[in-house]
Amino acid sequence: MIDYSVAKAIQEETRKKAVFNQDFVSNPKLVAALDVSYKKSKALSAVAVYNLERGEIVEAKATLIDVKAPYVPGYFFLREINPLVAVYGLVENKPDVVMINGHGYSHPRRAGIATYFGVLLSVPTIGVARKLLVGEEQCRNERDDTCIVIDKGEIIGMSVRSHIEKLYVSSGHGVSLETSISIVKSIIERHGGSLYPMKIADLITKRCWANEQGGKH
DNA sequence: GCGACAG
DNA sequence: ATCTTGTCGC
């Protein structure tokens, strides 16, 4: 059995350094979406840089690296931080905000992978997950497509649903929950209910295995 | 003690 | 996340 006390201490330090209630950027124009897929001990990570004004992908990159750490709920960063940092380093058009596939503040210690990535690289991040790790939804009514997520008496994130998918959004670092929701909703409303750049990053990670020859794309 | 548990 | 056939619904 592995001892996660060190990883836990890292997350607690990360939470102290993180900023959840301020926006480092006032008018973001470039938003990057990062995602990772796995095959045996290899991780294929991808990034799609999206122009909010034009509603288009302006850059895409992918890379393949080895991973050793197993996936453990609550300690996702141990497994996925390296693939994420590796592919982010390939980006030429540095984004104003980075969307990470996973939780940010909505985490047992308020420091999910999105928060860890943001503090580590000192970039604004948003956490976007498909399942809750902690907390429970509180919807005002059945019609509302945006609900708050409560844990231990505080709002830790929000759910946003379209007719295509349901996402759990939380602040990562340097992007408030309100701004995070605003960005996510503006994208899905523009692309038929799909978080377009994240979908593209996801497709890249799953379709580049066939013609992978070392990673770069 | 038991169940739940981001990707 | 990944491994995977047939099957249900529009």
Side-chain angles (χ1 to χ4, degrees), chain A residues 1-2 4 7-8 10-12 14-15 18 20 32-48 62-88 98-120 125-137 147-152 155-173 175 177 180-181 184 192-193 195 197-210 212:
Chain A
M1 197 55 183
I2 306 175
Y4 287 96
K8 187 176 294 187
I10 290 173
Q11 291 176 328
E12 284 162 358
T14 297
R15 186 207 58 215
F20 302 108
L34 274 63
D35 193 24
V36 183
S37 74
Y38 299 89
K39 213 166 189 177
K40 298 295 181 64
S41 64
K42 299 285 188 180
L44 178 45
S45 48
V47 55
T63 192
L64 184 73
I65 68 172
D66 289 302
V67 288
K68 311 185 74 174
Y71 163 66
V72 178
Y75 302 99
F76 190 34
F77 80 102
L78 293 174
R79 178 171 173 80
E80 195 145 290
I81 190 61
N82 286 345
L84 290 177
V85 170
V87 80
Y88 185 72
V98 177
M99 295 192 300
I100 304 286
N101 206 318
H103 292 285
Y105 189 77
S106 48
H107 176 276
R109 287 164 293 283
R110 308 301 185 242
I113 182 90
T115 300
Y116 186 73
F117 181 96
V119 170
L120 182 68
T125 57
I126 298 172
V128 180
R130 293 186 155 66
K131 296 176 184 175
L132 280 180
L133 180 56
V134 293
E136 59 181 30
E137 282 182 88
C147 310
I148 57 176
V149 176
I150 303 285
D151 183 52
K152 295 175 180 174
I155 296 177
I156 60 173
M158 295 186 82
S159 67
V160 179
R161 97 176 139 69
S162 67
H163 48 275
I164 291 183
E165 58 188 349
K166 183 173 188 176
L167 304 169
Y168 295 98
V169 179
S170 64
S171 167
H173 173 56
V175 185
L177 176 59
S180 299
I181 290 296
V184 168
L195 192 59
M198 190 59 88
K199 184 62 184 175
I200 295 300
D202 178 71
L203 286 176
I204 293 171
T205 66
K206 285 165 182 168
R207 295 179 56 182
C208 280
W209 287 104
E212 150 268 318

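Letters A, B, ... mirror the listed sequences (proteins, then strands); counts begin at 1. The shown structure was predicted, so the numbers you read here are calculated from the model rather than taken from an experiment. Note that these values count all heavy atoms, side chains included, but never hydrogens, waters or copies made by symmetry.
- Rounded to whole Å, atom C1' of C/dT2 lies 14 Å from atom CD of A/Glu80.
- One can place CD1 of A/Ile100 at 13 Å from P of B/dG7, the figure rounded to the nearest angstrom.
- Taking atom CE on A/Met158 and atom C1' on B/dA6, their separation rounds to 19 Å, with Å as the unit.
- Residue A/Lys206 is in sugar-phosphate contact alone, with no base atom involved, counting any heavy-atom pair closer than 4.0 Å across all strands shown.
- The pair A/Asp151-A/Arg110 counts as a salt bridge, with a side-chain nitrogen and a carboxylate oxygen less than 4.0 angstrom apart.
- Base contact: A/Ile113 has a heavy atom under 4.0 Å from a base atom.
- One can place CG of A/Leu203 at 15 Å from C1' of C/dA1, the figure rounded to the nearest angstrom.
- Heavy atoms of A/Gly74 sit under 4.0 angstrom from at least one base atom.
- Atom CG of A/Leu167 and atom P of B/dG7 are 10 Å apart (whole Å).
- Separation of atoms OG1 (A/Thr125) and CG (A/Leu120) is listed at 11.0 Å; rounding is to 0.5 Å.
- Around atom CD1 of A/Ile150, more than 12 heavy atoms belonging to other residues, nucleotides or ligands sit under 6.0 Å away.
- Rounding to whole angstrom units, CG of residue A/Leu133 and P of B/dA6 are separated by 6 Å.
- A/Tyr75 comes within 4.0 angstrom of a nucleotide base, judged by non-hydrogen atoms across all strands.
- In this structure, A/Tyr71 places its OH atom 10 Å from P of C/dA1, rounding to the nearest Å.
- Between the CZ atom of A/Arg110 and the C1' atom of B/dA6 there is a distance of 14 Å, given to the nearest Å.
- Checked for salt-bridge contact, A/Glu137 and A/Arg161 miss the test: no charged N lies under 4.0 Å from a carboxylate O.
- Neither OP1 nor OP2 of B/dG7 sits under 4.0 Å from any side-chain N or O of A/Ser37.
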